[in-house]
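Values below: every heavy atom of this structure, side chains too, minus hydrogens, waters and symmetry copies.
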Amino acid sequence: QVQLVESGGGLVQPGGSLRLSCAASGSIFSINAMRWYRQAPGKQRELVAAITSGGSTNYADSVKGRFAISRDNAKNTVYLQMNSLKPEDTAVYYCNLDIQRGAPIIDSYWGQGTQVTVSS
C-alpha cells in the first residue's frame, strides 16, 4: 500500500546541478530513515546519502561537499541536491525509505530509479 515515485533525473554537463525527489504515498504512519543509493552499469549499488528522522545526515566520501540530502516530512518526500556533478556520478539513483504503516514493524521500500547522466 506504499508507493515511492522518483523524479528529477536527466542529462547535465559536468559542473551542472540536478535535484532528485522521491515522494511516498499510501498508508503511512511515519517515515524513519531516508536514503539515496546509486548503481552504475557493471557496478554494485552504493549508498550515496542518508538522513534520519531527526535530520542528521551522512554522505559517501565521493559526494561529500557536493550533494545534500533533505526531507519534507509534511510531503513524505526526500530530496537529493546534486551540485558540481562529475561524469563518475552517472548512474541510476534509487530512494530507499524505512516506513512504519501502523503496526510496530518498519519495512524498507524502494523507488523505481531515475537516470542521472553527466556528460559533455
Side-chain angles (χ1 to χ4, degrees):
Q1 295 232 66
V2 174
Q3 185 179 30
L4 306 184
V5 179
E6 299 183 29
S7 62
L11 173 64
V12 297
Q13 295 182 346
S17 298
L18 284 174
R19 189 175 81 149
L20 307 183
S21 299
C22 175
S25 62
S27 181
I28 299 173
F29 178 77
S30 65
I31 304 177
N32 292 353
M34 295 177 166
R35 309 174 188 88
W36 286 98
Y37 289 79
R38 68 185 181 188
Q39 188 168 26
K43 290 190 172 183
Q44 295 182 335
R45 187 171 298 186
E46 65 173 343
L47 178 64
V48 176
I51 184 168
T52 69
S53 60
S56 298
T57 59
N58 278 286
Y59 300 92
D61 289 340
S62 59
V63 307
K64 195 170 298 182
R66 300 187 297 118
F67 290 11
I69 187 171
S70 61
R71 62 192 290 165
D72 186 334
N73 291 327
K75 297 181 179 180
N76 290 331
T77 299
V78 61
Y79 305 94
L80 184 67
Q81 178 67 47
M82 304 183 294
N83 300 321
S84 302
L85 283 163
K86 304 175 181 179
E88 49 263 48
D89 295 319
T90 296
V92 177
Y93 285 71
Y94 300 89
C95 59
N96 172 250
L97 278 62
D98 293 339
I99 298 176
Q100 183 177 353
R101 294 184 292 167
I105 298 176
I106 299 175
D107 293 317
S108 182
Y109 295 85
W110 290 88
Q112 83 281 4
T114 185
Q115 176 71 48
V116 172
T117 302
V118 184
S119 176
S120 59

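Judged by distance alone, with hydrogens and angles left aside, the side-chain atoms of Arg71 form a donor-acceptor pair with the main-chain N or O of Thr52 at under 3.5 Å. Looking only at distances, no side-chain donor or acceptor of Gln13 sits under 3.5 Å from a matching main-chain atom of Ser120. Gln112 contributes a side-chain N or O that, together with a main-chain N or O of Glu6, makes up a donor-acceptor pair within less than 3.5 Å. A donor-acceptor distance shorter than 3.5 angstrom exists from the side chain of Tyr59 to the backbone of Ile69, with no hydrogens or angles considered. In this structure a side-chain-to-backbone donor-acceptor pair under 3.5 Å is missing from Thr114 to Gly8. Of the possible polar contacts, none joining the Thr117 side chain to the Thr90 backbone as a donor-acceptor pair under 3.5 Å is found.
Across all their heavy atoms, Arg35 and Ala33 have their closest contact at NH2-CB, 3.7 Å. Taking both residues in full, the closest heavy atoms of Ile51 and Ser70 are given as CD1-CA, 4.0 Å, listed atom of the first, atom of the second, then distance. Residues Cys95 and Leu4 approach most closely at SG-CD1, 4.1 Å, considering heavy atoms. Summarising the geometry of Ala60 relative to Leu47, their closest heavy-atom pair is CB-O, 3.6 Å, with the distance given to 0.1 Å.
Between Ser17 and Gln81, the closest side-chain pair of non-hydrogen atoms falls below 4.5 Å. Using a 4.5 Å heavy-atom threshold, the side chains of Leu11 and Ser119 count as touching. Asp89 is listed as a side-chain neighbour of Arg38, based on a closest heavy-atom distance under 4.5 Å. Residues Asn73 and Ile31 are not in side-chain contact: their nearest non-hydrogen atoms beyond the backbone lie 4.5 Å or more apart. A 4.5 Å side-chain heavy-atom check between Lys75 and Ser21 finds every atom pair outside the cut-off.
Atom CZ of Arg101 and atom OG of Ser27 lie 7.0 Å apart (nearest 0.5 Å). Taken to the nearest 0.5 Å, the CE atom of Met82 stands 11.0 Å off from the CZ atom of Arg19. Atom CG in Asp72 sits 8.5 Å away from atom CE in Met34 (nearest 0.5 Å). Distance CH2/Trp36 to CG/Leu20: 4.5 Å, rounded to 0.5 Å.
Under the 4.0 Å criterion applied to side-chain N and carboxylate O atoms, Asp61 and Lys64 are assigned as salt-bridge partners.
With Ile106 as reference, Asp98 is the one residue of Ile99, Leu97, Asp98 to meet the side chain to side chain contact (heavy atoms under 4.5 Å, CB included) rule.
Side-chain polar atoms of Asn32 and Ser53 form no donor-acceptor pair below 3.5 angstrom. In this structure, a donor-acceptor pair under 3.5 Å is present between the side chains of Asn96 and Ser108.
Linking Ile, Leu, Val, Met, Phe, Trp and Tyr residues whenever their side-chain heavy atoms come within less than 4.5 Å places Leu80 and Val116 in a single cluster. When hydrophobic clusters are built by joining Ile, Leu, Val, Met, Phe, Trp and Tyr residues whose side-chain heavy atoms come closer than 4.5 Å, directly or via intermediates, Val48 is not grouped with Tyr79.
Using a 30° and 60° split on the angle between ring planes, Tyr94 and Trp110 fall in the perpendicular class, above 60°.
Heavy atoms of other residues, nucleotides or ligands lying less than 6.0 angstrom from CD of Gln1 number 12 at most.
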